[in-house]
Amino acid sequence: MNLPEDSFLSHLVELRDRLIRSLLAIGIVFLCLAPWAQDIYALLAHPLLAKLPQGGQMIATDVIGVFLVPMKVALMVAFLIALPYVLYQIWAFVAPGLYAHEKRLALPLVGASIVLFFVGMAFAYFLVFPTVFGFMASVQPEGVAWMTDIEKYLAFVLTTFIAFGVTFQVPVAVLVLVQAGIVDVEKLREWRPYVIVGAFVIGAIFTPPDVISQLMMAVPLCLLFELGLLLARFLHRRPAPTASDDGSAATAVRHESGEWKPASSTEMDAVSGDTDRQQAERKPNA
């Protein structure tokens with residue numbers, strides 16, 4: 001007989017093993033990238049170096065900063081490269097506790113979330129950084145040498161990457177809210193004016209104090225919100241399947257409003273129990 005404590009400990013052991021595997025994967029990739037850490041940092045710093053005045057360069061105020069900062073960048077790149085394996089370990093730990101319809105919903109959302117995060121980072125690197133650094137170079141006062149510390153530049157880049165990566169998660173957030181039944185599409189459409197104001201507030205907080213960079217965050221945020229509404233409306237109107245893949249029970253029900261919504265865990269258990277009883281009644285007649 002398995003006690004609850006034994007089951008809890010077995011889950012902890014599995015979680016520990018999967019964390020160790022994830023850390024080992026990141027460590028192996030980092031060791032492979034370490035010899036090229038300086039080149040990786042130079043690639044990260046290229047948008048700024050391209051906009052510096054002639055003869056301008058970056059500086060390091062920390063004694064060991066010239067070594068630590070490129071290594072930090074190499075470690076972050078190693079994490080991004082190993083991210084698919086890390087996510088697989090997380091999924092393998094969580095998936096056994098999910099229903100079939102939850103797995104079908106979670107996999108596309110997780111995949112889309114990762115892709116959108118990388119798209120947000122690419123948007124910041126290729127469009128936002130050249131625009132922002134070009135603006136800063138144009139407003140440089142006469143007689144002032146514009147030289148940035150490499151540690152502060154790394155902090156700025158990471159903040160911007162995270163800000164735009166999270167911003168590009170708006171369609172996924174909208175889909176989750178609608179599919180979970182927390183809010184409907186019509187209510188989100190009513191919130192559109194507040195979302196637009198919030199987008200410009202977020203752009204003012206997480207971007208440098210210039211209008212161009214604020215617009216480059218606020219406008220995509222608004223467009224992504226509209227994309228999320230469009231996808232949510234399309235998925236919300238699509239008829240729900242009447243049976244699961246294994247043919248056992250329905251995974252969606254029609255509510256009083258006439259719209260299809262995912263069945264709750266209680267409803268799925270009730271339907272599954274009815275199916276078992278029907279199969280038991282057929283056996284004597286066979």
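In what follows, every heavy atom counts, from backbone to side chain, and hydrogens, waters and symmetry copies are set aside.
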Trainee: Decide yes or no for M121 and L80: does some side-chain heavy atom of the first lie under 4.5 Å from some side-chain heavy atom of the second?
Mentor: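 Yes. Closest side-chain heavy atoms under 4.5 Å.
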Trainee: Taking C-beta and beyond as the side chain, do R233 and R189 meet within less than 4.5 Å on heavy atoms?
Mentor: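 Sidechains of R189 and R233: in contact.
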Trainee: If you round to the nearest 0.5 Å, how far is CG of L229 from CG of L188?
Mentor: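 L188 CG to L229 CG: 5.5 Å, rounded to 0.5 Å.
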Trainee: How many angstroms lie between CD1 in I64 and CE in M71, if you round to the nearest 0.5 Å?
Mentor: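 It comes to 12.0 Å.
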Trainee: Just do the side chain to side chain contact (heavy atoms under 4.5 Å, CB included) check on M217 and F164 with the steps written out, would you?
Mentor: CA-CA 7 Å; M217 172 170 280; F164 277 89; 3.6 Å; yes
Trainee: Could you see if L221 belongs to whatever hydrophobic cluster contains V183? Use Ile, Leu, Val, Met, Phe, Trp, Tyr and a side-chain cutoff under 4.5 Å.
Mentor: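 Yes: a chain of side-chain contacts under 4.5 Å links L221 to V183.
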Trainee: Check step by step if ring-ring contact (aromatic ring centres under 6.0 Å, His included) holds for F161 and F129.
Mentor: CA-CA 10 Å; F161 277 164; F129 287 167; 5.6 Å; yes
Trainee: What about V110 and V170, same hydrophobic cluster or not, with Ile/Leu/Val/Met/Phe/Trp/Tyr joined at side-chain heavy-atom distances under 4.5 Å?
Mentor: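 Per the 4.5 Å side-chain linkage, V110 and V170 are co-clustered.
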Trainee: Does any part of the side chain of V178, heavy atoms only, come nearer than 4.5 Å to the side chain of D184, both counted from C-beta?
Mentor: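 When only atoms from C-beta onward are counted, V178 and D184 do not touch, as no gap falls below 4.5 Å.
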Trainee: Evaluate the side-chain proximity of H46 to Y125: yes if any heavy-atom separation is below 4.5 Å, no if none is.
Mentor: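 With C-beta onward as the side chain, the pair touches.
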Trainee: For the pair K72 and E151, find out whether any cationic side-chain nitrogen is under 4.0 Å from an anionic carboxylate oxygen.
Mentor: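 Looking at E151 together with K72, the answer is yes, because their closest N to O distance falls below 4.0 Å.
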Trainee: Are the side chains of L127 and M216 in contact, using a 4.5 Å heavy-atom criterion?
Mentor: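 A side-chain contact exists here, since the closest heavy-atom pair is under 4.5 Å.
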Trainee: Using the side-chain contact (heavy atoms from CB on, under 4.5 Å) criterion, which residues pair with Q140? Sequence neighbours excluded.
Mentor: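 Here the qualifying residues are P53, W146.
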Trainee: With a 4.5 Å cut-off on side-chain heavy atoms, are D17 and L15 touching?
Mentor: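 The answer is no, as the side chains (C-beta and beyond) never meet within the 4.5 Å cut-off.
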Trainee: So, taking the atom named CG in L48 and the one named CE in M58, what distance separates them when rounded to the nearest 0.5 Å?
Mentor: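 With rounding to 0.5 Å, CG (L48) is 5.0 Å from CE (M58).
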Trainee: Test of understanding: clusters of I, L, V, M, F, W, Y form through side-chain heavy atoms closer than 4.5 Å, transitively. Do I81 and I26 belong to the same one?
Mentor: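 Yes, same cluster.
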Trainee: Check each of V115, I114, L116 against F118 using the side chain to side chain contact (heavy atoms under 4.5 Å, CB included) test, and report the only one that passes.
Mentor: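 With F118 as partner, side chain to side chain contact (heavy atoms under 4.5 Å, CB included) holds for just one option, I114.
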Trainee: Go through it in stages, so that I can follow the logic: the residues are F168 and F117, the test is ring-ring contact (aromatic ring centres under 6.0 Å, His included), and I'd like the CA-CA distance, side-chain angles, deciding distance and then a yes or no.
Mentor: CA-CA 6 Å; F168 275 65; F117 193 90; 9.6 Å; no
Trainee: How long is the gap from CH2 on W91 to CG on L107, to the nearest 0.5 Å?
Mentor: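 The distance works out to 4.0 Å.
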Trainee: Classify the side-chain pair Q169/S113 by whether it contains a donor and acceptor separated by less than 3.5 Å.
Mentor: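 Yes, a side-chain donor-acceptor pair sits under 3.5 Å.
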Trainee: Is it the case that the side chain of Y85 and the backbone of R21 share a donor-acceptor pair, with hydrogens and angles ignored and the cut-off at 3.5 Å?
Mentor: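 Here the side-chain-to-backbone pair does not exist.
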Trainee: To the nearest 0.5 Å, how far apart are CG in L175 and CG in L227?
Mentor: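 It comes to 8.0 Å.
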Trainee: Would I150 and L154 count as a side chain to side chain contact (heavy atoms under 4.5 Å, CB included) here? Give the steps.
Mentor: CA-CA 6 Å; I150 58 175; L154 178 61; over 6 Å; no
Trainee: Where does the angle between the aromatic ring planes of Y41 and Y153 fall among parallel (under 30°), tilted (30 to 60°) and perpendicular (over 60°)?
Mentor: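 Y41 vs Y153 ring planes: perpendicular.
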Trainee: Is the shortest heavy-atom distance from the side chain of I40 to the side chain of L33 under 4.5 Å?
Mentor: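 Yes, at least one pair of side-chain atoms sits under 4.5 Å.
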Trainee: Verify the cluster assignment for V66 and V73: are they in a single hydrophobic cluster under the rule of side-chain heavy atoms below 4.5 Å apart?
Mentor: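 As far as the 4.5 Å side-chain criterion goes, V73 and V66 are not connected within one cluster.
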Trainee: How about L158 and M76: do any of their side-chain heavy atoms sit closer than 4.5 Å?
Mentor: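 A side-chain contact exists here, since the closest heavy-atom pair is under 4.5 Å.
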Trainee: Name the orientation class of the two ring planes belonging to H11 and F93 (parallel below 30°, tilted from 30 to 60°, perpendicular beyond 60°).
Mentor: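 The arrangement is perpendicular - the two ring planes meet at more than 60°.
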Trainee: Once you round to the nearest 0.5 Å, how far does CD1 of I90 lie from CZ of R18?
Mentor: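 Taking CD1 in I90 and CZ in R18, the distance rounds to 10.5 Å.
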